[in-house]
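See below for the structure under consideration.
This structure is a prediction, so every number in the text was calculated from the model and none was measured.
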Amino acid sequence: MKIGIIPSNNGLGHITRSIQLSNYLIKKYSIKLIAPKKKIKKFKLNNKIKTFEFDMNLKIKKNNYNYNWFRNLKINLINKSDLLVSDNLPEILKFHKNSILFANFFWHHILKINPQKKKIINQDIRLSKYPIICNYLFVDKKIIDNFSVKKVGFFGKFKGKKKKCIKNILISIGTAKLENKILKKMKTEIHEMIQKSSVKKFNFYIEPIIFKKLKFSFKKNIFLADYSRDMYKKIDLAIIKPGLGTVTNCLEHSIPMICYLKNFNKEFVHNSNMIVKKKLGFKVFSLKETLNIINKKIDNNFYLNNYYFVCKKKIKWNGEKEIMKLIEKNFS
């Protein structure tokens with residue numbers, strides 16, 4: 001069977017999951033991945049998977065979304081597939097009768113949209129023969145209430161190790177899509193926090209867009225975050241914008257999370273609320289709050305040991321295997 005996989009290209013989370021799914025499904029099926037090749041290059045992809053260049057230019061910024069992205073999609077890429085799978089793009093349901101969606105939220109539920117357009121998109125989703133596949137913890141209530149769903153675990157498997165104390169801290173708050181004014185404020189907050197004498201005992205791994213522009217009076221404990229496996233093995237705590245991709249990376253390496261929520265949309269608010277509810281981390285609206293949380297709640301052996309066991313024993317993994325079973329049941 002030939003399967004076409006097309007992820008939303010806003011952020012790397014959708015593409016990461018699609019690559020993980022492709023690498024797993026290639027064991028049994030012929031896979032073609034339709035996505036920007038410059039983003040695919042960042043990941044290890046099975047060489048049997050065929051890739052096709054496509055940048056849908058979604059333009060998720062200032063509450064805008066390009067709902068007509070599919071007009072530039074080459075239909076022959078779709079027609080030659082027996083099954084089409086997409087991470088977060090309900091528009092694919094118009095192209096192929098055998099289409100499966102993975103989604104924890106939809107843009108037309110989060111961003112402003114013409115009510116009639118929203119109604120049409122919801123109707124297309126309801127007419128699908130197959131349930132929406134979603135993460136069992138982070139799926140948005142609007143999806144559960146309005147559509148048929150199949151809940152699965154996180155993609156991948158647990159790789160964490162026990163931590164004795166907080167030494168290495170990742171700061172990754174996804175600043176690439178923010179306005180310059182907001183970005184400047186964030187840079188100032190980060191700079192002020194890591195200059196405090198009370199945090200000199202920590203090493204900071206900082207996302208590239210901020211790392212390259214900040215100036216430090218000391219550099220021995222400041223590193224560029226490269227998001228590699230080796231980096232995640234070192235990290236003891238992460239201050240993040242809680243997209244599902246970043247959250248998954250943290251949980252699989254048993255890394256406690258502090259969710260930074262200034263100026264982010266409903267998806268990240270929802271995810272942070274679930275992280276707090278499930279006692280997987282904390283949320284803040286200012287980086288000044290993080291030091292108090294670290295010193296009083298996280299930086300101790302009891303908390304870190306308990307967090308390790310929660311991630312290992314209570315979090316459900318291998319979501320891609322569950323999707324394989326769903327495909328085998330309905331299409332093989």
List the steps and the verdict of salt bridge (Lys or Arg N to Asp or Glu O under 4.0 Å) for Asp82 and Lys2. CA-CA 5 Å; Asp82 300 306; Lys2 297 178 180 179; over 6 Å; no
Verify side-chain contact (heavy atoms from CB on, under 4.5 Å) between Leu93 and Ile125, making sure each step is shown before the conclusion. CA-CA 7 Å; Leu93 297 172; Ile125 296 172; 4.0 Å; yes
Show your working on ring-ring contact (aromatic ring centres under 6.0 Å, His included) between Tyr307 and Phe302 and close with a plain yes or no. CA-CA 9 Å; Tyr307 199 90; Phe302 176 80; over 10 Å; no
Take Val247 and Ile240 through the side-chain contact (heavy atoms from CB on, under 4.5 Å) test and state the conclusion after the steps. CA-CA 8 Å; Val247 170; Ile240 62 169; 4.2 Å; yes
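Summarising the local packing, NZ of Lys159 is surrounded by more than 12 heavy atoms from other residues, nucleotides or ligands at distances under 6.0 Å. Heavy-atom contacts from other residues, nucleotides or ligands closer than 6.0 Å to NZ of Lys234 number 12 or fewer.
Taking all atoms of both residues into account, the shortest heavy-atom contact from His109 to Lys118 is CD2-CE, 4.0 Å. In plain terms, the two heavy atoms of Ile15 and Ser8 that are nearest each other are CG1-O, 3.9 Å. For the residue pair Ile133 and Ile100, the shortest heavy atom distance occurs at CD1-CG2, 3.4 Å.
Residues His14 and Asn9 have side chains not in contact (no heavy-atom distance under 4.5 Å, counting atoms from C-beta outward). Gln20 places none of its side-chain heavy atoms less than 4.5 Å from the side chain of Glu320. A heavy-atom distance below 4.5 Å is found between the side chains of Ile239 and Met193. Within the 4.5 Å cutoff, no side-chain heavy atoms of Phe52 are placed close to those of Leu33. In this structure, the side chains of Ile298 and Ile258 come closer than 4.5 Å at one or more pairs of heavy atoms. In this structure, Gln123 and Leu127 have side chains that are in contact, with non-hydrogen atoms separated by less than 4.5 Å. Side-chain contact between Lys129 and Asn98 is present, with heavy atoms from C-beta onward closer than 4.5 Å. Contact check for Phe154 versus Lys316: no side-chain heavy atoms found under the 4.5 Å cut-off.
Atom CG of Leu304 and atom CG of Asp299 lie 7.0 Å apart (nearest 0.5 Å). Distance CD/Glu267 to OG/Ser272: 10.5 Å, rounded to 0.5 Å. For the atom pair Leu170 CG and Ile235 CD1, the distance stands at 5.0 Å (nearest 0.5 Å). From Leu237, atom CG reaches atom SG of Cys250 across 8.5 Å, with rounding to the nearest 0.5 Å. To the nearest 0.5 angstrom, Lys32 atom NZ is 3.0 Å from Ser81 atom OG. For the atom pair CD1 of Ile92 and OG of Ser99, the computed distance is 4.5 Å after rounding to the nearest 0.5 Å.
Here Phe158 and Tyr308 bring their ring centres to under 6.0 angstrom of each other. The ring of Phe223 has its center no closer than 6.0 angstrom to the ring center of Phe204. For Phe268 and Phe105, the gap between ring centers reaches or exceeds 6.0 Å. In this structure, Tyr227 has its ring center no closer than 6.0 Å to that of Tyr205.
Residues Glu328 and Lys28 are paired through a salt bridge, judged by an N-O separation under 4.0 Å between the basic side chain and the carboxylate.
Remark: the backbone N or O of Ile173 is paired with a side-chain donor or acceptor of Glu207 at under 3.5 angstrom.
Aromatic ring pairs are classed by plane angle as parallel below 30°, tilted from 30° to 60° and perpendicular above 60°; the pair Tyr130 and Phe331 is tilted.
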